[in-house]
Amino acid sequence: MNESETLLKIREKLRRGILSCHVRPHADPNIAINIGCGTGKPCDGCERAILETEARIIYDDSIGKVISFHNRCADIFHEECQRRLAHPD
């Protein structure tokens with residue numbers, strides 16, 4: 001999946017309320033710097049599996065749901081959230 005497809009998925013998930021721009025680092029003290037190895041579960045951005053050989057960026061959203069991204073998907077997510085804050089629809 002290319003970055004423009006990932007951006008479209010993230011925008012749709014934000015629009016539908018599946019993702020929220022209100023995230024914070026995961027609260028689990030056993031997760032150092034909120035980066036872990038993938039588990040094979042899907043990325044909340046692009047929906048592709050985050051493999052054990054890939055970094056997994058972990059956050060809690062505003063309702064305490066754990067969300068995980070590939071590193072680049074996390075970047076795309078944050079860029080979109082910053083755009084939304086700067087230019088609310």
Roughly how far apart are E80 CD and L14 CG, rounded to 0.5 Å?
6.5 Å
d(I76 CD1, H70 NE2) to nearest 0.5 Å is 11.0 Å
Could you list the residues that satisfy side chain to side chain contact (heavy atoms under 4.5 Å, CB included) with E79, not counting sequence neighbours?
R72, D75
Only counting residues at least two apart or in another chain, list the ones meeting side chain to side chain contact (heavy atoms under 4.5 Å, CB included) with N71.
I57
Look at the side-chain heavy atoms of Ile, Leu, Val, Met, Phe, Trp and Tyr, link any pair under 4.5 Å apart, and say whether I58 and I50 land in one connected group.
no
Could you tell me which non-hydrogen atom of I18 sits nearest to which non-hydrogen atom of K65, and how far apart they are?
O-NZ, 3.9 Å
Using a 4.5 Å cut-off on heavy atoms from C-beta on, say whether the side chain of V66 contacts that of D60.
yes
With side chains defined as the heavy atoms from C-beta onward, is the minimum distance between N2 and E5 less than 4.5 Å?
yes
Excluding sequence neighbours, so at least two apart, what forms side chain to side chain donor-acceptor pair (under 3.5 Å) with [X]?
X   : result
R16 : none
E12 : R15
H22 : none
T53 : none

Pair H78, F69 - check ring-ring contact (aromatic ring centres under 6.0 Å, His included), show working.
CA-CA 11 Å; H78 286 294; F69 294 106; 7.3 Å; no
Salt bridge (Lys or Arg N to Asp or Glu O under 4.0 Å) partners of E54, counting only residues at least two apart:
none
Derivation of the disulfide bond (SG atoms under 2.5 Å apart) call for C73 and C46:
CA-CA 7 Å; C73 294; C46 71; 3.8 Å; no
